[in-house]
2 protein chains.
Amino acid sequence: MQIMSNNNICSIHILRKAKLSNTKIRKSILEFLIQNHGPFSIEEIHQKISNCDSTTVYRCIKKFEKHEIVEKCDFGDNISRYEYKCLEHHHHIMCRSCHKIEIVKYCFVKEMEKILMMQGYKDVSHKLEFFGICQDCQNESG
Amino acid sequence: MQIMSNNNICSIHILRKAKLSNTKIRKSILEFLIQNHGPFSIEEIHQKISNCDSTTVYRCIKKFEKHEIVEKCDFGDNISRYEYKCLEHHHHIMCRSCHKIEIVKYCFVKEMEKILMMQGYKDVSHKLEFFGICQDCQNESG
DNA sequence: TCTAAAAATGCAATCCGATTGTTTTTTTAG
DNA sequence: CTAAAAAAACAATCGGATTGCATTTTTAGA
């Protein structure tokens, strides 16, 4: 009953559920993302997975994203980062200086900034963007 | 007392204040961004400015960003968009289908999603990321 | 207004994250 | 076990962004 084999079973189940074929590389990526919160760049994921082309990581992650197994995060540096989409809604804070990423659990923006400053972060700011289907597009497809 | 000349004066003042030299291209870009909310991609700005290399737009916008005259927005499509940094704090909503961008004035996330849905948007989601200087980096530079 | 120094621009080249095409290999379903 | 489908490797390419350098424009001081 090792953690590794649990995660292995877990990743197989996730792939099955999404009707994605169950390959070594996909399992490795998924296990890595389940065990480590991230979010991680493709480059970072690629380095952790042995004997695998980075293109394959790109394609796997795209598939995972499409099936909502992972979620993309943008920190405005033109590098996409991905994390395993766990149930709890949360956000992140990236240090402007060292780029370390930490989890933020609180959920109201202004309150969150205050709490982060109390946690020791300085010069806290945030980026928030919304996405949705606008009225025009709903009418077109309807 | 035309709007154009007001904006012209305005853009000159902004450049002066930031100690940036006052060129035709910079004025054009700034006037365009003041008159139109955006946010706009470099490509979009470039198309609006006559006889100007896109590299110059990149460089001007970088300068403006550094001097906090414009602000970068990321919508996760690997295209940076910029808007004139007006005083009022606000966010945006981009249609997942047609990519139209609208302003969002409200400020509490969950409440905002509800209001947007009442405004006619469907499947509303959001991305929120924080930035700051972490404790470790503060200690290093101190 | 003139002039030298500093800054901005245009153009070409390049960078780099991401994507695509094609062949080979692996996985799946029966 | 086998044929069809999917994934992986590898090379090529895309495209937004950046950089280097020669030329032009702007600025600041006389």
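This structure is a prediction, so every number in the text was calculated from the model and none was measured. Chain A is the first sequence line, chain B the second, and so forth, proteins listed ahead of strands; every chain is numbered from 1. Heavy atoms only: backbone and side chains are in, while hydrogens, waters and symmetry mates are out.
Projected onto DNA chain C by closest heavy-atom contact, A:Ser54 and B:Arg26 fall at different nucleotides, the more 5' of which corresponds to B:Arg26.
Between the CD1 atom of B:Ile93 and the CD1 atom of A:Ile133 there is a distance of 9.5 Å, given to the nearest 0.5 Å. For the atom pair NE2 (A:His67) and CD1 (A:Ile14), the distance works out to 13.0 Å, reported to the nearest 0.5 Å.
Here D:dG16 presents its P atom at 16 Å from CD1 of B:Ile61, a figure rounded to the nearest Å. Separating the CD1 atom of B:Ile79 from the P atom of C:dG17 is a distance of 18 Å, rounded to the nearest angstrom. Atom CD1 of B:Ile45 and atom P of C:dT9 are 14 Å apart (whole Å). Per the geometry, CD1 belonging to A:Ile25 stands 10 Å off C1' belonging to C:dT26, to the nearest Å. Atom C1' of nucleotide C:dT9 and atom NZ of B:Lys62 are separated by 17 Å, given to the nearest angstrom.
For the residue pair A:Glu83 and A:His92, the shortest heavy atom distance occurs at OE1-NE2, 2.8 Å.
For the pair A:Lys66/A:Lys62, no side-chain contact is recorded, criterion being any heavy-atom separation below 4.5 Å from C-beta on.
The end-to-end axis angle of the helix from C:dT1-D:dA30 to C:dG30-D:dC1, rounded to 10 degrees and based on five pairs per end, is 50°.
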Check nucleotides 27-30 of chain C for protein N or O atoms closer than 3.5 Å to its own N or O atoms and list the pairs.
unit_1 : atom_1 : unit_2  : atom_2 : d
C:dT28 : OP1    : A:Asn22 : N      : 2.9

Could you list all N or O pairs between the protein and nucleotides 11-16 of chain C that sit under 3.5 Å apart?
unit_1 : atom_1 : unit_2  : atom_2 : d
C:dC11 : N4     : B:Arg59 : NH2    : 3.3

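For A:Phe64 and A:Tyr82, the ring centers are positioned 6.0 Å apart or more.
In terms of phosphate contacts, A:Tyr58 brings a side-chain nitrogen or oxygen within less than 4.0 Å of OP1 or OP2 of C:dA18. The shortest distance between the side-chain N/O atoms of B:Lys63 and the OP1/OP2 oxygens of C:dA7 is not below 4.0 Å.
Distances were taken from every side-chain heavy atom of B:Cys52 (C-beta onward) to each of D:dA8, C:dG10, C:dT9; the shortest belongs to C:dG10.
B:Leu15 and B:Ile25 fall within the same hydrophobic cluster, defined by Ile, Leu, Val, Met, Phe, Trp and Tyr side-chain heavy atoms under 4.5 Å apart, directly or through other members.
Heavy atoms of A:Asn51 sit under 4.0 angstrom from primed sugar atoms or phosphate atoms, though from no base atom. B:Ser80 comes within contact range of the sugar-phosphate backbone alone, with a heavy-atom separation under 4.0 Å but no base atom that close.
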